[in-house]
Structure formats: structure tokens, C-alpha cells
Amino acid sequence: MTILFKAVLSPTWFLAKQLKAKKVGDERKTLLKNLNSFYLVLAIVLIVPIAFFQSEWELQSGESVSSLYELLPFGYRIFWGYFLISRCNEIFIAFLDDAADKLKRTDSTSSLEFFERLKLSLHSYLELIINFAFIYMLTPTSYWCDVSSSVCQSDLVTVSDALFYSAATITTLADGSVSPSYWLVQFLTIYQIFCGFTLLIVCFTVYTSRAISDIGTASQVESVTDTETYTVTVKPEKPNA
């Protein structure tokens, strides 16, 4: 039941789970690193052209638009939004489960070192910033209007606005210059902070402490191995006849 619930929340998590099922050791490590890099590169490849060509967006009628919500058809918005949420959920679930396993000292099924896990978590942290920026861009501009104003002037217009808000949110450094006015986006903002907290505080702390612990253990073993023990046997003298 738990696996089914996670699969609904994150189909990409379920896909990764199936791909990892028959792999162990170095094969599993290579798969994890490849998937992590693929999703990060995909996010960057998608965000860069959108940022460059946003000023040229227009509808078939010739009307200029500044929001992915207005530019993309409904089906595309649903599919892309579900994929982005799936990836964010996958990152949250995977790293939280892994950190819990490491606290329990559960043997790993991959040969990933802790510094490699730190690198993967940093990649995922950057991907979360980009993915949530996309999600915010897929929402109507009216969700970002000042409710006290009679004229809707959205605080989030460009891709750079979305990236800035996403980065400021996940690092909890938002200054209030961009603020959502609709409950759905407010909930997404809280969820992003929670995801960032999980990666930045929980995973980084666990991985770093375990890495330091392993280094200390390895040093002790090396020290013991390098120490040679000499045994001196003293034979009693024979009595004179």
C-alpha cells in the first residue's frame, strides 16, 4: 500500500525503483548517478531557451503573453506539471528514506560513498529550484496578484522572477518582494521549503557526519594495521650439570 501511494505521488520514483531492483554495487551506483545527472541536465536544457525566448511568446491571435499558463494548452500543463511534481516528490522521498537508512546503519545496496551522496543531493537541490520555478510559471498570473489592488499586477512575470522566488523560497531567504495570493501556490511554497529543509539539513547533516565517521574509522584501522607487534620469548637457562 505504501509503495502504491508513493507511485501515485511520484511515477518517476516508481520507475527508478524498478530500474534499480536488479542492480547492486557499482551498477546501481552508476544508474543512480546517471538518473540524477539526466534530470538536472533536462531541467537546465528546458529553462535556458524559455528564459531567452519568453519575450517572443505570443498566441495564434498575435497577442503577447508572459506566462506558460497562457501559452500552453491545458493537456500540456497537466502533463508537465505532474512530471515536475513527481520529480520533486521523488527527490524528497528518496533522500529522506536514504537518510533514515543511514541513521539505522542499514547496509547500502549501492557502492556510493557519502561524498558522492552529498554531490547527488546538491544536484537535486539545484534541480528543485528549477522545477519549482517551472511549476510557478505554469500557474495563472492572477495567483500572484496583490489582493488589495483592484488591478491585477502579477509579481511573477518572467522566468528570472520565478527562479528568484524559487531560490529565495528554498533557502528561506525570501524578502516578500514576490508573494503568492492563492492558496495552491502558497501550499507549493511551503512544500518547497520542506523539501529544501530535508535536503539541506537532514541529508547534508547525516551524510557529512557519516562521512567524517567513516574517515575516522578508516584512520584507526590503518593505524592499527601499520603497527607491528613483536613478541620476545625468553628461554630459561639449563642448570649446570
Side-chain angles (χ1 to χ4, degrees), residues 6 9-10 12-13 36 39-44 46-48 50-51 67-69 80-103 114-149 153-212:
K6 290 181 178 179
L9 288 178
S10 178
T12 55
W13 171 85
N36 184 270
Y39 284 122
L40 176 60
V41 171
L42 178 63
I44 295 174
L46 289 174
I47 198 73
V48 170
I50 289 178
S67 171
L68 286 175
Y69 178 84
W80 196 3
Y82 189 37
F83 168 76
L84 293 169
I85 287 293
S86 172
R87 264 304 289 168
C88 294
N89 290 340
E90 179 187 355
I91 291 172
F92 174 74
I93 293 171
F95 278 99
L96 189 62
D97 287 348
D98 187 61
D101 287 340
K102 298 303 167 286
L103 286 175
F114 283 104
F115 74 89
E116 292 177 309
R117 295 177 189 275
L118 278 172
K119 185 177 180 180
L120 294 181
S121 60
L122 284 171
H123 286 175
S124 296
Y125 194 75
L126 178 58
E127 186 191 344
L128 280 175
I129 293 175
I130 299 175
N131 285 350
F132 272 100
F134 271 130
I135 294 172
Y136 297 140
M137 287 293 293
L138 288 171
T139 59
T141 54
S142 59
Y143 288 4
W144 303 87
C145 294
D146 185 358
V147 293
S148 63
S149 176
Q153 294 181 343
S154 177
D155 291 329
L156 191 143
V157 178
T158 65
V159 174
S160 59
D161 289 337
L163 283 172
F164 170 77
Y165 178 75
S166 180
T169 297
I170 201 170
T171 56
T172 65
L173 297 176
D175 59 358
S177 59
V178 179
S179 179
S181 58
Y182 191 68
W183 69 267
L184 177 61
V185 189
Q186 292 171 346
F187 173 78
L188 288 172
T189 299
I190 295 172
Y191 182 54
Q192 185 182 9
I193 295 173
F194 198 51
C195 290
F197 176 83
T198 301
L199 275 180
L200 189 62
I201 305 299
V202 179
C203 293
F204 288 4
T205 302
V206 171
Y207 293 157
T208 302
S209 61
R210 284 297 306 273
I212 294 173

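One-based numbering along the sequence shown.
- Remark: side-chain polar atoms of Ser10 are not paired, donor with acceptor, to backbone N or O of Lys6 under 3.5 angstrom.
- Put simply, the side chain of Ser124 never gets that close to the backbone of Ser121: no donor and acceptor are under 3.5 Å apart.
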Checking Leu200 against Tyr125 for the side-chain contact (heavy atoms from CB on, under 4.5 Å) test, could you report, in this order, the C-alpha distance in whole Å, the side-chain angles of both residues, the deciding distance, and whether it holds? CA-CA 8 Å; Leu200 189 62; Tyr125 194 75; 4.0 Å; yes

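- Here Leu126 contributes atom CG and Leu40 contributes atom CG; the two are 5.0 Å apart, rounded to the nearest 0.5 Å.
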Would Leu120 and Phe95 count as a side-chain contact (heavy atoms from CB on, under 4.5 Å) here? Give the steps. CA-CA 10 Å; Leu120 294 181; Phe95 278 99; 4.2 Å; yes

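- Side-chain contact of Thr189 with Thr169: a donor-acceptor pair under 3.5 Å is absent, judged by distance alone.
- Between Asn131 and Phe83, the closest side-chain pair of non-hydrogen atoms is not below 4.5 Å.
- Ring geometry, Phe134 versus Trp80: the interplanar angle falls from 30° to 60°, so the pair is classed tilted.
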Check the pair Val159, Met137 against side-chain contact (heavy atoms from CB on, under 4.5 Å), reporting the backbone distance first and the verdict last. CA-CA 7 Å; Val159 174; Met137 287 293 293; 4.2 Å; yes

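- Checking side-chain atoms of Ser166 against main-chain N and O of Ala162 turns up no donor-acceptor pair under 3.5 Å.
- Inter-residue side-chain proximity for Ile170 and Cys195 is flagged as unmet; no heavy-atom pair is nearer than 4.5 Å.
- Residues Leu42 and Leu46 have side chains in contact (heavy-atom distance under 4.5 Å, counting atoms from C-beta outward).
- Using the six-membered ring where Trp is involved, Phe92 and Phe194 have ring planes that are tilted, between 30° and 60° apart.
- Between Glu127 and Ala43, the shortest heavy-atom distance links the atoms CG-CB, 4.3 Å.
- Applying side-chain contact (heavy atoms from CB on, under 4.5 Å) to Ile130 and the options Leu84, Ile135, Ile44 leaves one that passes, Ile44.
- Here the straight-line distance linking atom CG of Leu138 with atom CG of Leu188 works out to 10.5 Å at 0.5 Å rounding.
- To the nearest 0.5 Å, the span separating CD1 on Ile193 from CZ on Phe132 amounts to 10.0 Å.
- Checking each of Tyr69, Tyr182, Tyr165 against Trp144 for a ring-ring contact (aromatic ring centres under 6.0 Å, His included) leaves exactly one that passes, namely Tyr165.
- In this structure a side-chain-to-backbone donor-acceptor pair under 3.5 Å is missing from Asp98 to Ala94.
- Between Glu90 and Arg87, at least one side-chain nitrogen of the basic residue sits less than 4.0 Å from a carboxylate oxygen of the acidic one, meeting the salt-bridge criterion.
- Summarising the geometry, atom CG belonging to Leu128 is positioned 4.0 Å from atom CD1 belonging to Ile91; distances are rounded to the nearest 0.5 Å.
- Annotation: the span from Phe197 atom CZ to Thr171 atom OG1 amounts to 14.5 Å, rounded to 0.5 Å.
- Closest heavy-atom contact between Leu163 and Ile47: CD1-CG1, 4.2 Å.
- In this structure, OH on Tyr39 lies 16.0 Å from NE2 on His123, to the nearest 0.5 angstrom.
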